[in-house]
Undergrad: 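Please see the structure below; I have some questions.
Chain letters run A, B, ... following the sequence lines, proteins first and then strands; every chain starts at 1.
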Number of protein chains: 2
Amino acid sequence: MADKESLQFHMNLGMLINSAHRAMTKRFVQNAHESGLDISLDQWMVLGPIWQRGDASQKELGDMCLKDKTSVTRIIDTLEKKNLVVRVPDQLDHRVNRVILTNAGKQLFYDVLPVMEKTREEVKKNIPDEDIEIFKNVLSSIIINLENEKG
Amino acid sequence: MADKESLQFHMNLGMLINSAHRAMTKRFVQNAHESGLDISLDQWMVLGPIWQRGDASQKELGDMCLKDKTSVTRIIDTLEKKNLVVRVPDQLDHRVNRVILTNAGKQLFYDVLPVMEKTREEVKKNIPDEDIEIFKNVLSSIIINLENEKG
DNA sequence: CTATAATAGTTGTAGGTTCAACTAATGGCA
DNA sequence: TGCCATTAGTTGAACCTACAACTATTATAG
């Protein structure tokens, strides 16, 4: 129903990003669900860095995912409710929570890896690698352009 | 703080789109706010097609913005609460609402146009036009790749 | 050492998204 | 004509996001 020309004609950059972002998020969750896994893309985004580092403070997670501290709080709330992570108070700095994966969290992480890979392939289907490179480059530039100097 | 290489190294496609999308949305709202205007990017996305066509059903708005009918319902709720649009029952098909702009809605639309333009320029700063073209092309392809064949 | 600023995290409010279940109206087919 | 499927829109629940105001802890400047 939607061909490439009409999409580009009717939609500006913001709307295109908005739609592509929602489509990817939705497809990831659908693919996870088909594999019997219950996880959102944002939960996955947070899980990754914790796995990579063994643990991470909420501040560090926010920095790595470019997420607001409020969002991190609530995502960790959800992950904790699902018994995928635990908040452990930092012994040195009592303001800080170290967030670590439970065994269930580690298991889920491994289970989701192929789902992520499948989604990635569906997203990139029929798009030349060099265009993907430029695409990622432009995204990075946009993020940097808008990073909060604000003035 | 975030340079292009480290962004691309640490973040995958989904996270980059996610972050860029949020950054754009945020900047648009900030710019509108600085001009004394109170509007979200999603509200703007819906206002545009109504203005273009004079009126539109919620179904048509969803199609044009690639938004779920639930989202459209709630955005129209908000716009109606702010007296920017009105739902008018369609005389021929009683299932349908025709959504039209109030005078305040038209005024806001015109006021926001330069804000949109400013945001667009901030987003595209230092990015070559030909890269932007490829970028939009890739976004369209992704949307089409993920359009709900699902099977 | 103490007052003050900065930092980590939480909470409330409001808006946007998805899914699923629902109402109301229309369309089509026997 | 009457049953049934489809379509337009709404509602509730759960999650994510941003902003602002708040608590608690740590760092710093005088």
Undergrad: A quick test of your reading: do over 12 heavy atoms of other residues, nucleotides or ligands sit less than 6.0 Å from NE2 of B:His94?
TA: yes

Undergrad: Would the distance check show the side chain of B:Thr119 and the main-chain N or O of B:Phe28 forming a donor-acceptor pair, the cut-off being under 3.5 Å?
TA: no

Undergrad: Mind checking if A:Thr78 touches a base, just sugar-phosphate, or nothing, with heavy atoms under 4.0 Å?
TA: sugar-phosphate

Undergrad: So, the side chain of B:Ser57 versus the backbone of B:Asn97: is there a donor-acceptor pair under 3.5 Å, distance only?
TA: no

Undergrad: A:Gln107 and A:Asn103: side-chain hydrogen bond (donor to acceptor under 3.5 Å, both in side chains), yes or no, with the steps?
TA: CA-CA 6 Å; A:Gln107 186 57 54; A:Asn103 287 334; over 6 Å; no

Undergrad: Tell me: CG of B:Leu66 to P of C:dT17, nearest whole Å?
TA: 12 Å

Undergrad: Any chance you could list the contact pattern along nucleotides 2-10 of chain C? Use B for base contacts, S for sugar-phosphate-only contacts and - for none, protein heavy atoms under 4.0 Å, 5' to 3'.
TA: -----BSBB

Undergrad: Taking a hydrophobic cluster as the set of Ile, Leu, Val, Met, Phe, Trp and Tyr residues connected by side-chain heavy atoms closer than 4.5 Å, whether directly or through intermediates, do B:Met64 and B:Val112 fall within one such cluster?
TA: yes

Undergrad: Do you know which two heavy atoms are closest between B:Ala56 and B:Leu61, and how far apart they sit?
TA: CB-CD2, 3.7 Å

Undergrad: By the 4.0 Å heavy-atom rule, please label A:Leu92 as base, sugar-phosphate, or nothing.
TA: sugar-phosphate

Undergrad: Can you check the A:Asp38 CG to C:dA20 P distance for me, whole Å?
TA: 12 Å

Undergrad: Let me spell it out: for each of B:His33 and A:Lys67, pick the nucleotide of DNA chain D with the closest heavy atom. Which residue's pick is nearer the 5' end?
TA: A:Lys67

Undergrad: Between C:dT26 atom P and B:Gln91 atom CD, what is the distance in whole Å?
TA: 11 Å

Undergrad: First and last nucleotide of DNA chain D in contact with chain B, 5' to 3', at under 4.0 Å to a heavy atom: what are they?
TA: D:dT7 to D:dC19

Undergrad: Can you tell me the distance, in whole Å, between the CE atom of A:Met15 and the P atom of C:dT17?
TA: 11 Å

Undergrad: Output yes when a side-chain donor or acceptor of B:Gln58 lies under 3.5 Å from a complementary backbone atom of B:Val99, and no otherwise.
TA: no

Undergrad: Mind checking side-chain contact (heavy atoms from CB on, under 4.5 Å) for A:Ile100 and listing every partner two or more places apart, or none if nothing turns up?
TA: A:Asp55, A:Val86, A:Val88

Undergrad: Using a strict 4.0 Å threshold on nitrogen-to-oxygen distance, state whether B:Asp90 and B:Arg95 make a salt bridge.
TA: no

Undergrad: Whole-Å distance between C:dT18 C1' and A:Asp42 CG?
TA: 13 Å

Undergrad: Mind calculating the distance between CG (B:Asp90) and P (C:dA24) to the nearest angstrom?
TA: 19 Å

Undergrad: Expressed as a whole number of angstroms, how long is the span from B:Met45:CE to C:dT17:C1'?
TA: 12 Å

Undergrad: Mind checking B:Ile39 for me? I need base, sugar-phosphate or nothing, with any heavy atom below 4.0 Å counting as a touch.
TA: nothing

